[in-house]
Protein chains: 2
Amino acid sequence: MANIRDVANRAEVSVSSVSNVLNNRTDQMRPETLARIRQSMLDLNYQPNRIAQQLKTGQTRMIGLLVPSIVNPSFAMLTREIDRVAKANQYRVLLGNTYRQADEEQAFLEDMFAHGVKGVIVVATAMDRPHFADAARQGLVMVNYDSLMSSDLSKGQPPFDSVSMDNVEAGRLATEHLIQRGCRQLAFATESSLTISRSHKIEGFFVAAKAHGLADRAHVIEGTAEVAYGDAEMTELGRALAAKILQASPMPDGVVAINDALGIGLMAGLRQAGVRIPQDISVIGIDNIPLADLVQPPMSSVIPPLGEMVNIMMHRLLTRIENPALAPEEFLFTPRLICRQSVIAGEPSPGE
Amino acid sequence: MANIRDVANRAEVSVSSVSNVLNNRTDQMRPETLARIRQSMLDLNYQPNRIAQQLKTGQTRMIGLLVPSIVNPSFAMLTREIDRVAKANQYRVLLGNTYRQADEEQAFLEDMFAHGVKGVIVVATAMDRPHFADAARQGLVMVNYDSLMSSDLSKGQPPFDSVSMDNVEAGRLATEHLIQRGCRQLAFATESSLTISRSHKIEGFFVAAKAHGLADRAHVIEGTAEVAYGDAEMTELGRALAAKILQASPMPDGVVAINDALGIGLMAGLRQAGVRIPQDISVIGIDNIPLADLVQPPMSSVIPPLGEMVNIMMHRLLTRIENPALAPEEFLFTPRLICRQSVIAGEPSPGE
DNA sequence: TTGAAAGCGCTACCAT
DNA sequence: ATGGTAGCGCTTTCAA
């Protein structure tokens, strides 16, 4: 591998001049010199050594991405989008799976320092775990996805940006849709352990129910998944919750699933018990994974504008890497309803 | 961030000594000195700068992982396994999506050099694209997943390891299963563009058919996906192929899908047309994505021993990084049948 | 318009 | 058993 000195020698200039062209400081340079340097780079198939650049500048064009599990399609989609924008900015993505375990998170953050990575996008259950604050204090720039914490502003501004779907609105939208379509006995199916985004969705569920005088006909039905990060587990849980729903009396005619994976399991369990969807029970998910469109019937869902969210996340990350003094901000995105066929066609209610 | 000099000063020793403890060369060292150095590292919360280490040694504890699309669940599972083994070896994973485009592949490989990454695991359609050979020539260690090329040994040993499922066997196994269960009119549903692994699967399909005298009752049915890397596209293609299958005369009673995503789309399309699965037509996939277990009916499939394969891949990668002179090797893994409910129960054929 | 030289944090060789 | 020091490939002042 040729280095900067080889290029300089061949072009019969100094390394400084080569460095200047590497850094686009060519304004003062004689075009002829520039051409000679360019040519000699080509001849030698020169690739600047980023490691060396980095040792000097303290910058790597890498960002970290910390997710619970890449096998979860929601996070796979997120990862793809992030990779897209990263590439557009000449960055590469260093991936880590945490399985929602604090020690994995912490180890990843430490490795980011070691590798000179300055910015990380984080998806984690509990952003208030101390290692995040520690990392921020040591200068790591972080953008959080989907765990907006502003609810407890008591603790002051968190040390990272937050980009989330408006989960209250998502829960509300899903529930509202069921009600519009004629459902009157509502259930919200969820995993027991509460993350911020989960409780927001539940909140939205009740908001919608109350708005229609259905507060006492709206219930949360929950169960515990073995491991709370995988789609497989969520789907299993959904299947288990189907039994609980069938036992409920009166039986719900509309169910909001906290996420699509759970909703899909729920539908499978319900159908297995002879329930027709949506004729007997309507089901709607939240989050929209590709799978939602592939099951029978295709499942309605509520989806975040992922592309836009990732644009903002990356923009914030890169600008705050440049200017760490910038205060973190929070961004909330409005979700959208995707109608497929898991919710009953219902009464074309005139007006309302 | 404290550096090696700070530690040395505080411990009142030279940087050399600190470097020695960093590199476990403490055998000759007075325990007392060692203790002082250790303590001073703790005091300063010292983290050695890998960038500097790397500039010196030329080693990063990062590996590259190049996949067509992380959104494809097969590759997501692969990624998780690789991350698992990488972590166990104190490595981190740099991820790249290629969408099967040569320029993305090439750009990624170049970035690996720039970032000092010495080893990459590659999933790609055409491993004979010249940038792979170029990269190998320049010292990049690569291990290929699932595109065994040994069929054309004419060109000599490829410059990278290959770890694959035995795709001929996979195709054979799937087909054999259909035949055992009583299917007599066979179809193999696939995307038109041929990769090595695809043609191997087709080969296995015909091997099994011939072995049972069904050669003239076995046909390949193909179509073109818009983009040939995504599961969504594969599923769509499967749906489209359902129509072709229904038009075929005589109509097949057993279909092997080249991969699970296509198989799932196929089942959806077939069912939509009123065909019962498996009573009217049996379907079996290849590759086993988690989704296969979630559709109705759960789809039978043929699966590679992913965990073992990844163990070998990582082992080869890391040892060849240590010792680049080592000749690349090829590894073939035998797939296994997973029976679910998309294949007819069939005649419990006595004997055979 | 171009070049010389210091130094980023670490390793490894050679001294002592 | 410990220390001095050159140098990895680059950037960045400062000088010419």
Side-chain angles (χ1 to χ4, degrees), chain A residues 1-38 40-41 44-62 110-118 138-139 322, chain B residues 1-38 40-41 44-61 110-118 138-139:
Chain A
M1 290 253 88
N3 67 23
I4 199 173
R5 245 193 338 271
D6 301 329
V7 176
N9 287 339
R10 180 173 242 272
E12 304 184 283
V13 297
S14 73
V15 288
S16 320
S17 295
V18 180
S19 174
N20 281 336
V21 355
L22 284 182
N23 294 280
N24 290 318
R25 285 185 290 264
T26 55
D27 24 316
Q28 312 270 50
M29 191 175 279
R30 251 198 356 255
E32 183 210 299
T33 316
L34 175 58
R36 242 180 23 255
I37 295 178
R38 284 257 154 79
S40 118
M41 287 178 169
L44 297 171
N45 188 18
Y46 171 68
Q47 298 281 33
N49 180 330
R50 312 266 159 165
I51 306 300
Q53 290 182 324
Q54 199 184 328
L55 179 59
K56 200 53 202 170
T57 62
Q59 293 286 332
T60 344
R61 296 192 85 81
M62 288 195 305
E110 280 169 9
D111 279 14
M112 293 305 97
F113 284 106
H115 285 293
V117 173
K118 293 285 188 278
Q138 299 188 54
E322 300 255 310
Chain B
M1 289 251 91
N3 66 22
I4 199 172
R5 243 189 346 267
D6 300 331
V7 175
N9 288 339
R10 180 173 242 272
E12 305 184 280
V13 296
S14 73
V15 287
S16 319
S17 295
V18 179
S19 174
N20 282 335
V21 353
L22 283 183
N23 294 281
N24 290 317
R25 285 185 290 265
T26 55
D27 25 316
Q28 313 269 50
M29 191 175 280
R30 260 209 337 266
E32 184 211 298
T33 315
L34 176 57
R36 240 180 24 254
I37 295 177
R38 285 256 153 77
S40 119
M41 286 177 170
L44 296 171
N45 188 17
Y46 171 68
Q47 299 281 38
N49 180 330
R50 311 267 158 162
I51 305 301
Q53 288 182 325
Q54 200 185 327
L55 180 57
K56 197 58 199 169
T57 62
Q59 294 286 331
T60 345
R61 294 192 87 81
E110 280 168 9
D111 278 14
M112 294 305 98
F113 284 106
H115 285 294
V117 173
K118 292 286 187 279
Q138 299 188 54

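Just so it is clear: chains get the letters A, B, ... in the order the sequence lines come, proteins before strands, and each one is counted from 1.
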Checklist entry - Which part of the nucleic acid, if any, lies within reach of Leu22(B) when heavy atoms closer than 4.0 Å are counted: base, sugar-phosphate only, or nothing? => result sugar-phosphate
Item to check | Asp27(B) vs Leu55(B), nearer the 5' end of DNA chain D by closest nucleotide | outcome: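 Its nearest nucleotide lies further toward 5', so the answer is Asp27(B).
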Rounding to an integer number of Å, can you tell me how far [X] [atom1] sits from [N] [atom2]?
X        : N      : atom1 : atom2 : answer
Gln54(B) : dC8(C) : CD    : C1'   : 14 Å
Arg50(A) : dC8(C) : CZ    : C1'   : 18 Å
Ile37(A) : dT1(C) : CD1   : C1'   : 11 Å
Asn49(B) : dC8(C) : CG    : P     : 12 Å
Asn3(B)  : dG7(C) : CG    : P     : 14 Å

Kindly say whether [Y] contributes a backbone atom to a donor-acceptor pair with the side chain of [X] at under 3.5 angstrom?
X        : Y         : answer
Asn23(A) : Asn20(A)  : no
Ser40(B) : Val7(B)   : yes
Thr33(A) : Met29(A)  : no
Thr60(A) : Gly116(A) : yes

Would you list the protein and nucleotides 2-5 of chain C atom pairs, both N or O, that sit under 3.5 Å from each other?
residue : atom : partner  : partner atom : Å
dT2(C)  : OP1  : Thr33(A) : OG1          : 2.3
dT2(C)  : OP2  : Arg30(A) : N            : 3.1
dG3(C)  : OP2  : Ser14(A) : N            : 2.8
dG3(C)  : OP2  : Ser14(A) : OG           : 3.3
dG3(C)  : OP2  : Ser17(A) : OG           : 3.1
dA4(C)  : N7   : Ser16(A) : OG           : 3.1
dA4(C)  : N6   : Ser16(A) : OG           : 2.8

Checklist entry - Could you go step by step and tell me if Asp111(A) and Arg50(B) meet the side-chain contact (heavy atoms from CB on, under 4.5 Å) rule? => result CA-CA 9 Å; Asp111(A) 279 14; Arg50(B) 311 267 158 162; 5.7 Å; no
Next on the checklist: Can you give me the closest heavy-atom contact between Leu55(A) and Ala52(B), atom names plus distance?
Outcome noted: CD1-CB, 3.8 Å
Checklist entry - Taking all atoms of both residues into account, what is the closest heavy-atom pair of Ser19(B) and Ile4(B), and its distance? => result N-CD1, 3.8 Å
Next on the checklist: Going 5' to 3' along DNA chain D, between which two nucleotides do contacts with chain B fall, using a heavy-atom cut-off of 4.0 Å?
Outcome noted: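 That gives a stretch of dA1(D) to dG9(D).
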Item to check | Distance (rounded to the nearest 0.5 Å) between Leu34(A) CG and Arg38(A) CZ | outcome: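 Answer rounded to 0.5 Å: 4.5 Å.
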Next on the checklist: Please report the interatomic distance CD(Gln54(A)) to CE(Met62(A)), rounded to the nearest 0.5 Å.
Outcome noted: 6.0 Å
Item to check | OP1 or OP2 of dT11(C) under 4.0 Å from side-chain N/O of Arg25(B) | outcome: no
